[in-house]
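Keep in mind that what you see is a predicted model, and the values were worked out from it rather than measured. Whatever order the structure lists them in is the order used to number ligands and atoms, beginning at 1.
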Amino acid sequence: MMLVKLGGSIITRKGGAKQVRRDVLRRLAHEVAAVPELIVLHGAGSFGHTLAKKAGLKQGIARPSQFHAASLVSADVRTLHVEVLRALQAAKARPFSMPPGQVGFARGGQLAVMAMGPFRLALQQGFTPVSCGDVLLDEQQGVAIVSADAVALHLARELGAERMVFATDVDGIYTAPPGKPGAELIEHCSPDALRKHVLGGSGKTDVTGGMAGKGQAIAAMAELGCEVWVVNGLKPGRVRDALRGKDPVGTIVRG
Ligand code: IP8
């Protein structure tokens, strides 16, 4: 089984108004459509992070107005989720919707429980389960904001994925923030080496931890025996090549 995450920064215009990048989404849907035994995840981009951050939802619900904000974020993420489902359908995949806010819940801000039965069954029946970063009910703090990276880690742990491909807006993981003088692309690395390189943030509005949060999830996945590829989803063909095991430009993390 393989996993792919379509990053919120490539399928939406991040940081501003809620806008889907339909051209990018359409192309990526075609790149992943023919892959068997695949779970597709997507980030929330501007459909989740902006309001979740403004309303302070990461820490849960402490005042009445946050109920409304949580409900809005949940609906906005579903709006994006339906766009992803439609794009996959148009590419002749067989997407089946499984947002963690509906098949799971959180405890203390972390994903605690997610029903694996529906994922297993969907894969067995030949569907492509589609999940995402989401707002979840939380036993301790009302709600929690859970990244698709955390959902992917949970799925890799429970279902045993052989490869995970992260489609991001950069070529892979760098020794310093990409664009900074001296920043070099890391082509292969171990989970330990990765942890040393991911202490910076992504610099954008990202309530789930930007590159640092993603780096921890990637390292944990690689330690489970899942090979993790980080590639640039804005460059045509790289996600497809990574899913086929061809070696595109990018970073491969192996435990
Ligand atoms: O974009 C974030 O998921 P991510 C989820 O995968 C929300 O980090 C609702 C902001």
Side-chain angles (χ1 to χ4, degrees), residues 3-21 24-25 28 39-61 66-84 97-106 109-112 114 129-138 141-156 164-170 198 200-218 220-221 228 230-231 233-234 239:
L3 299 154
V4 63
K5 178 186 174 185
L6 310 178
S9 59
I10 59 173
I11 61 166
T12 77
R13 296 192 195 284
K14 217 172 171 183
K18 290 166 280 188
Q19 237 184 314
V20 182
R21 292 167 89 176
V24 176
L25 181 55
L28 287 170
I39 298 179
V40 176
L41 299 123
H42 64 84
S46 47
F47 288 70
H49 289 275
T50 315
L51 181 55
K53 187 171 187 188
K54 194 168 154 215
L57 293 180
K58 194 170 161 51
Q59 287 73 36
I61 293 182
Q66 289 175 312
F67 283 97
H68 184 58
S71 178
L72 281 176
V73 171
S74 173
D76 287 348
V77 168
R78 267 133 201 81
T79 301
L80 175 63
H81 188 64
V82 170
E83 292 263 358
V84 174
S97 166
M98 286 185 198
Q102 275 158 263
V103 293
F105 59 88
Q110 307 293 326
L111 176 62
M114 197 163 59
V130 184
S131 199
C132 55
D134 203 358
V135 55
L136 272 68
L137 295 168
D138 188 302
Q141 57 175 52
V143 297
I145 299 295
V146 172
S147 168
D149 305 341
V151 175
L153 173 58
H154 196 93
L155 290 166
M164 161 94 209
V165 176
F166 283 94
T168 70
D169 60 355
V170 287
V198 294
S202 78
K204 292 184 187 151
T205 311
D206 195 335
V207 282
T208 46
M211 197 57 214
K214 184 187 298 302
Q216 295 300 343
I218 291 173
M221 262 186 255
V228 183
V230 182
V231 299
L234 295 174
V239 170

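- Using a 4.0 Å cutoff on heavy atoms, K214 does not count as a contact of ligand 1.
- Ligand 1 has at least one atom lying under 4.0 Å from a heavy atom of V146.
- At a 3.5 angstrom cut-off on N or O pairs, H42 does not count as close to ligand 1.
- Of all atoms in ligand 1, numbered sequentially from 1 with element shown, those under 4.0 Å from a heavy atom of G48 are 10 (C).
- At a heavy-atom cutoff of 4.0 Å, ligand 1 is contacted by the side chain of V73 but not by its backbone.
- Between A44 and ligand 1, at least one N/O pair is under 3.5 Å apart.
- The N/O atoms of H49, backbone and side chain alike, include one that comes under 3.5 Å of an N/O atom in ligand 1.
- Polar contact with ligand 1: absent for D134 (N/O pair, distance under 3.5 Å).
- If you take CD1 on I10 and CZ on F166, they are separated by 12.0 Å, rounding to the nearest 0.5 Å.
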- prompt: How far apart are the C-alpha atoms of K5 and K214, what are their side-chain angles, what is the distance that settles it, and do they pass the side chain to side chain contact (heavy atoms under 4.5 Å, CB included) test?
  reply: CA-CA 11 Å; K5 178 186 174 185; K214 184 187 298 302; 3.7 Å; yes

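- Some N or O of A148 is nearer than 3.5 Å to an N or O of ligand 1, by distance alone.
- For V146 against A150, the heavy-atom pair with the smallest separation is CG1-CB, 4.0 Å.
- Judged purely by atom type and a 3.5 angstrom limit, D149 has no side-chain atom pairing as donor or acceptor with the backbone of A217.
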